[in-house]
Amino acid sequence: MNFRIGHGYDIHRTIAGRPLVLGGVHFADCDFGLDGHSDADALTHAICDALLGAAGLPDIGHFFPNTDPAYKNIDSQKLLARVREELAARGWSIVNIDASLIAERPKIYPRLAEMKARLADSAGLPVDRVGLKATTNEGSDDIGKGLAIAAHAVALISHDS
Ligand code: MG
C-alpha cells in the first residue's frame, strides 16, 4: 500500500455580523463569525489543505479561489467533499484525519461530536477515522484575545496501486 501524509493550517479573524461555522456546525448563539470569502470555516479549510498536501496537490486557494463569486459564502463542507472527489479521481482514499481547533470562544466541546459527524460525512469516512480536539491559547496572543480562530490538521491517504 502506498501511503502519504499531509498537514494543513488555517486562521481567520473574528468579525461581528457573520455566522460562526466550524467543522460544518453553526454556532447560532455566538455573537461573532469569521471573516472570509467562503463561510470561513478555518477547521474545514485546514483539513482540506492536509488532504490536498498529502496528495501533492496545490492548496485550497488554488482549487477554490477567493476571487471566484462561485465560492462566496459557500458551505465549506462542499469544498471538503470536492477535495475528496479530487483525490478519488487520482486513486487516493482517505485513511484518517486528525485536527486541532484553537479558539478562545465559544466553548467547542459541547458541539465536538456534531462537528466530527459532519466532517466524517463530507470526507466519506466513518466517524472513528476523524480525530478532533479543541483548545484555547490561554489568552496569550490574537487567538487568545478572541481576535482569530485557527486550526491545524493532518491526514493520511492511501493509493490503490
Ligand atoms: Mg481559510
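Whatever order the structure lists ligands and atoms in, that order sets their numbers, starting from 1.
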Residue D41, metal the Mg ion (ligand 1), N/O/S under 2.8 Å: no
Flag for H45-D10: side-chain donor and acceptor within less than 3.5 Å: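 H45 and D10 do have a side-chain donor-acceptor pair below 3.5 Å.
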For the Mg ion (ligand 1): the N/O/S atom of H45 at shortest distance: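 For H45, the N/O/S atom sitting closest to the Mg ion (ligand 1) is ND1.
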Minimum-distance atom from the Mg ion (ligand 1) among N, O or S atoms of D10: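 Nearest N/O/S atom: OD2.
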Parallel, tilted or perpendicular: rings of H152 and H7 (30°, 60°): tilted
Note: R18-D39 ion pair, threshold 4.0 Å (strictly below): no
Basic-acidic side-chain contact under 4.0 Å: R82, E85: no
